[in-house]
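What follows is a short report on a single structure.
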Amino acid sequence: MTDSKTASFGFQDVPAHEKASRVRGVFDAVASRYDLMNDLMSAGMHRAWKDAVAARLNPRPGERILDLAGGTGDLARRFKALADAARARSGGPPSEIIVVDINAEMIAAGRERGLDGLGWAVGDAEALPFPDNSADGYVISYGIRNVTDIPKALREAYRVLKPGGRFYCLEFSKPTTGALEAFYDAWSFKAIPPIGKAVTGDAEPYQYLVESIRRFPDQETFAAMIRDAGFKRVDYTNFSGGITALHGGWKV
């Protein structure tokens with residue numbers, strides 16, 4: 001019996017059971033230059049966007065924070081710095097910041113940076129290795145569009161969060177004006193794959209990345225998906241004219 005379900009892989013539709021392995025292949029290929037490429041692709045703006053995520057999450061002493069699709073840990077390090085600063089001011093137990101990524105190569109690249117007090121785990125956003133009601137915060141940054149079943153991943157986020165836990169998703173989205181969208185399309189398709197080839201030796205992973213962004217739901221559609229997973233007080237903030245957006249919700 002064949003699997004009739006499909007999932008998007010860039011502009012292709014592939015058998016659903018193949019998507020995870022294909023995505024792993026993409027990120028295994030670029031892990032060693034991942035942070036450099038983020039700087040080049042976003043002209044450094046991803047740093048400001050991630051700073052905004054960390055400020056919105058506002059991690060506190062003693063909290064467990066899951067950083068899904070956390071890659072090399074650049075966002076998790078922001079979380080830990082804020083939590084440690086809060087602990088230095090007011091005391092309390094240490095925080096637990098755990099980077100979770102399906103790609104072992106990405107986790108290895110992050111660990112190579114040295115001791116940092118972070119937890120690291122290879123794990124699938126659709127089947128998290130954490131018990132119910134065990135995390136205070138869940139953040140997924142530029143990873144939700146890569147999962148095979150987005151509603152399932154959102155339900156998993158809801159499951160592992162404690163009542164009162166907060167969910168944040170930073171993801172590329174739909175520009176708010178036609179002029180910006182035209183510029184963004186030109187940059188994405190004409191510049192990013194060639195830059196990827198020059199830096200990593202392979203344009204194909206970056207062709208997938210820009211295609212996957214175009215297949216991702218717009219802001220309102222994705223906000224409705226978050227609500228359908230059970231979250232309340234769902235909202236979103238556009239950054240850089242909607243090129244990227246931060247979605248948030250609470251488990252109540």
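Predicted, not measured: the structure shown is a model, and the values here were computed from it.
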If you look at every heavy atom in Leu180 and Gly241, which pair is closest and at what distance? CD2-O, 3.4 Å
For Gly110 and Arg77, the nearest pair of non-hydrogen atoms, with its separation, is O-NH2, 3.3 Å
Let me check something: any side-chain donor-acceptor pairs from residues 187-198 under 3.5 Å, sequence neighbours excluded? List them with distances.
from	atom 1	to	atom 2	distance (Å)
Trp187	NE1	Met41	O	3.0
Ser188	OG	Tyr184	O	2.8
Ser188	OG	Arg214	NH2	2.8

Under 3.5 Å side-chain donor-acceptor pair for Trp49 and Ser141: no
Among residues at least two apart in sequence or on other chains, which ones pass side chain to side chain donor-acceptor pair (under 3.5 Å) with Trp120? none
Determine, stepwise, if the pair Phe183 / Ile243 fulfils side chain to side chain contact (heavy atoms under 4.5 Å, CB included). CA-CA 11 Å; Phe183 169 80; Ile243 286 175; 5.8 Å; no
Who are the side chain to side chain donor-acceptor pair (under 3.5 Å) partners of Ser95, not counting sequence neighbours? none
Can you name the residues that form a salt bridge (Lys or Arg N to Asp or Glu O under 4.0 Å) with Arg56, not counting sequence neighbours? none
Main-chain N/O of Ala245 paired with Asn238 side-chain donor or acceptor, under 3.5 Å: no
Would you name the heavy atoms of Leu57 and Arg166 that are closest together and state the gap between them? O-NH2, 2.9 Å
Qualifying residues under ring pair (Phe, Tyr, Trp, His ring centres under 6.0 Å), relative to Phe167, sequence neighbours excluded: Tyr138, Phe231
Residues in salt bridge (Lys or Arg N to Asp or Glu O under 4.0 Å) with Asp51, at least two apart? Arg78
In short, Ala153 meets Ile144 closest at the heavy-atom pair CB-CD1, 4.0 Å
Phe216 ring center within less than 6.0 Å of Phe222 ring center: yes
Heavy-atom side-chain proximity of Ile226 to Leu154 below 4.5 angstrom: yes
Working to the nearest 0.5 angstrom, can you tell me the gap between Ile150 CD1 and Arg145 CZ? 10.0 Å
Results of side chain to side chain donor-acceptor pair (under 3.5 Å) for Glu220 - residues two or more places apart only: Tyr236
Is Ile97 reachable from Leu82 through a run of hydrophobic residues whose side-chain heavy atoms are each under 4.5 Å from the next? no
Kindly compute the distance separating NZ (Lys232) from CZ (Arg227), expressed to the nearest 0.5 Å. 10.0 Å
Show me the side-chain donor-acceptor pairs of residues 121-135 shorter than 3.5 Å, one per line, residues at least two apart or across chains.
from	atom 1	to	atom 2	distance (Å)
Asp124	OD1	Glu126	N	2.9
Glu126	OE2	Thr148	N	2.9
Glu126	OE2	Asp149	N	3.1
Asp132	OD1	Arg159	NH1	2.7
Asn133	OD1	Lys251	NZ	2.7
Ser134	OG	Pro131	O	2.7

Kindly state each residue pair satisfying salt bridge (Lys or Arg N to Asp or Glu O under 4.0 Å) with at least one member in residues 234-249, sequence neighbours excluded. none
Output all residues satisfying salt bridge (Lys or Arg N to Asp or Glu O under 4.0 Å) with Lys152, sequence neighbours left out; order by chain, then residue number. none
Verdict with supporting geometry, Tyr168 and His247, side chain to side chain contact (heavy atoms under 4.5 Å, CB included): CA-CA 6 Å; Tyr168 291 105; His247 283 77; over 6 Å; no
Note: Lys50 and Asp74 closest approach over all heavy atoms is NZ-OD2, 2.7 Å
Donor-acceptor under 3.5 Å (Arg155 side chain, Gly230 main chain): no
Do any N or O atoms from the side chain of Thr6 and from the backbone of Ala16 form a donor-acceptor pair under 3.5 angstrom? no
Sorted by chain and residue number, the salt bridge (Lys or Arg N to Asp or Glu O under 4.0 Å) partners of Asp228 (sequence neighbours excluded) come out as none
Considering all heavy atoms of both residues, which atom of Ala69 and which atom of Ile140 are nearest to each other, and what is their separation? CB-CG1, 4.1 Å
Mind checking side chain to side chain donor-acceptor pair (under 3.5 Å) for Ser90 and listing every partner two or more places apart, or none if nothing turns up? none
